[in-house]
Amino acid sequence: MIEVRELTKNYGPHKAIDRLSFSVKKGEVVGFLGPNGAGKSTTMKIITGYMAPSSGSVMVAGYDVFENPIEVKEKIGYLPEFPPVYGDMFVRDYLKFVANLKKVPRDQIQSNVDRAIEKTNLKGVADRLIQNLSKGFRQRVGIAQAIVSNPEILILDEPTVGLDPKQVSEIRNLIQELAGHHTIILSTHILSEVQATCQRIIIINNGRIVAEDTLAGLSQRMQGGYHIHVKVKRPSDQVLSMVKNIVGVVGVSKGQELGAIEIDATNMECFEKISAAIVNEGVGLTEFRANNLNLEDIFIKLTSDSSQGARA
Amino acid sequence: MRGICTIAWRDFRALTFNSLFFILAGICAFIWTVWYGTFLKDFIKKSQQMMMMQQHDMNLHQVFSMHISTVNLILLFIIPAITMKLFSEEKRANTMDLLLTSPINATQIVLGKFIAGTAAAWVLVGVSFMYPLVTSFYGEVSWGPLFSTYVGLMLLVASYVAIGMFASSLTSSVFLAVIIGVLFNLIFWFVGAGAEIAEDPSWVAVFEHLSLGEHFFKNFAKGIVKITSIVFFLSVIGLNCFLTQRVVESNRWR
């Protein structure tokens, strides 16, 4: 559905994005993850045809964004970083205006507007001026304008910024609901958000893709895929060295609390051996907790690694 | 076409249905009323003198001519204050993002906005027409020259709108947009002053042809509709729309 090839954008001497390539299949929900200034918004702006790249190409549904911008823009609903709302318009009038702008057939405008209002829970404020709405409501109006034309592709730049926790979960539900019918790219730096909504994750840093995989795939790909937290009654150095020698264990260290041991392991098979070794030693095992490396760990590891790489 | 209409209708409502527009219209009406009253009084005084001297070459159109020059003078400053919102406001509110990612091109955006701005400005022209209209109930009015004057005024005002729109596209500050707009308008007026300074007759002709005032006051306001003057106004409008279109398009490349 979306093919991005060798995309580069320079702002003067600064490279905002550097030879970015990826593709998104129809119906997929892809999360764009990266620290501030990584190039997420720039990439999205280029895909929507808002901005021209310095080099590279973007194909959306078989059309080149720069040769057939009108065809591409008809298929895309876009929520920019700041919701593009007119303060002096009523919510309903604004959505009608956007629907007209996006060339929704006239007889469908009313139903599309109603649907967008319903899905974003804007019913209570539909007849109010946008300038009198709170930030969270404006953000929701922004989302409503992105979905009002019922586009095949949704590009959402930080859709949950400024919303309260209840609204955030509503928007997540909405995205999951839309997932089947629309191809969605969303950017965020909130990790739990991608974990909750995205099938595939693209992590970018300093304008380059540092990882692109499913959530499960990403965790697996990382060395030391599991983290084990162990607590014993009578800690001894011998236990540490014994655990260190078990196949599959890549790192052992003393935890901050008394008797805590932190272990990094690559596979689940060694869990049994670790627990057996500790029990046999008779140090009094009181706690054994194994965690998947979470996205946050992966994210921090990847983005800090590549920034070191860029400096070198 | 639908894109142009959508933008034109939204912008027309945004330009006219707000307090600023009503305040500006109020200012216009106030100043015009004060001046029109004095012009009429002067006219009556003079025509009474003329009557006593048995001469009958007074014509209400002299009052209208003076009225039109005040209308022009005020609109020169007021119209940039109306058109300032066309692009500056969009940039400030980030709604430009919406327009630029909608399935319409820059030309359609500019044309839609130009139509909206012109329609809003013509509302003020309509307000200024009330004065001759009311006068016509009480005196003999020669409609021909009045009609050509208003055709010219509408074209002139449309030129101000195009110039103001271009000024607005250059900046995201509405105040700056007004100042640039007024400045550009004044430049188009004072080009005519070059005709008085220049010595070479061919340069005088060039300056005269480039001045909005020459075309408006020497032709339309005197009841003369010249193709060259119409073409001149249309080319001022066209040039400014084209420049605006370039500026909007250039947003993509920054």
Side-chain angles (χ1 to χ4, degrees), chain A residues 9-12 41 44-54 63 65-66 68-90 93-94 96-106 109 129-131 138 141-142 145-146 148-149 151 153 155 157, chain B residues 1-23 82 84-113 115-116 120 168 172 174 245-254:
Chain A
K9 175 78 188 175
N10 304 321
Y11 291 115
S41 295
M44 293 183 141
K45 278 181 182 170
I46 294 173
I47 297 173
T48 55
Y50 174 87
M51 199 186 247
S54 305
Y63 293 106
V65 173
F66 303 97
N68 307 80
I70 304 293
E71 284 84 351
V72 170
K73 286 173 183 176
E74 272 174 29
K75 294 184 173 25
I76 293 182
Y78 173 49
L79 171 71
E81 252 174 303
F82 306 99
V85 292
Y86 292 98
D88 56 357
M89 287 181 96
F90 296 103
D93 287 349
Y94 170 71
K96 272 185 199 159
F97 164 69
V98 177
N100 265 310
L101 213 53
K102 301 262 173 168
K103 297 182 181 165
V104 174
R106 279 175 212 279
I109 288 179
L129 279 178
I130 296 176
Q131 64 191 6
R138 279 185 208 201
V141 174
Q145 69 74 30
V148 76
S149 59
I153 299 163
I155 295 186
D157 201 346
Chain B
M1 196 57 208
R2 187 174 168 197
I4 297 176
C5 294
T6 306
I7 290 183
W9 177 235
R10 195 215 79 84
D11 276 33
F12 176 69
R13 296 215 308 179
L15 289 179
T16 52
F17 291 176
N18 65 46
S19 47
L20 177 74
F21 185 80
F22 283 87
I23 291 169
I82 293 172
M84 68 181 183
K85 286 176 79 181
L86 285 175
F87 281 99
S88 304
E89 189 89 351
E90 302 258 5
K91 285 187 192 172
R92 205 183 49 73
N94 297 305
T95 42
M96 209 59 201
D97 296 16
L98 173 67
L99 298 184
L100 289 178
T101 55
S102 295
I104 43 171
N105 58 36
T107 313
Q108 288 169 312
I109 297 174
V110 171
L111 283 180
K113 286 188 174 292
I115 292 168
S168 168
S172 58
V174 285
Q245 194 266 356
R246 294 281 85 194
V247 173
V248 172
E249 190 64 36
S250 76
N251 279 319
R252 284 188 214 291
W253 303 97
R254 270 182 235 154

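Every chain is numbered from 1, with letters handed out A, B, ... down the list of sequences.
Residue A:Val72: no heavy atom, backbone or side chain, is found under 4.5 Å from chain B.
Heavy-atom pairs under 4.5 Å with chain B peak, among A:Val104, A:Val98, A:Leu79, at A:Val104.
Partners of A:Ile153 under the side chain to side chain contact (heavy atoms under 4.5 Å, CB included) rule, at least two apart in sequence or in another chain, are A:Met1, A:Ile2, A:Val60, A:Ile76, A:Ile155, A:Thr183.
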Can you list the donor-acceptor atom pairs spanning chain B and chain A that come in under 3.5 angstrom?
| unit_1 | atom_1 | unit_2 | atom_2 | d |
| --- | --- | --- | --- | --- |
| B:Arg2 | NE | A:Asn100 | OD1 | 3.3 |
| B:Arg2 | NH1 | A:Val104 | O | 3.0 |
| B:Arg2 | NH2 | A:Asn100 | OD1 | 2.8 |
| B:Arg2 | NH2 | A:Val104 | O | 2.7 |
| B:Glu90 | OE1 | A:Tyr86 | OH | 2.7 |
| B:Glu90 | OE2 | A:Tyr86 | OH | 3.1 |
| B:Asp97 | OD1 | A:Tyr50 | OH | 3.4 |
| B:Leu100 | O | A:Lys73 | NZ | 2.9 |
| B:Pro103 | O | A:Lys103 | NZ | 3.2 |
| B:Arg252 | O | A:Ala52 | N | 2.8 |
| B:Arg252 | NH1 | A:Gly49 | O | 2.8 |
| B:Arg254 | O | A:Lys9 | NZ | 3.4 |

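Side-chain contact between B:Leu98 and A:Val85 is absent, with no heavy-atom pair separated by less than 4.5 Å.
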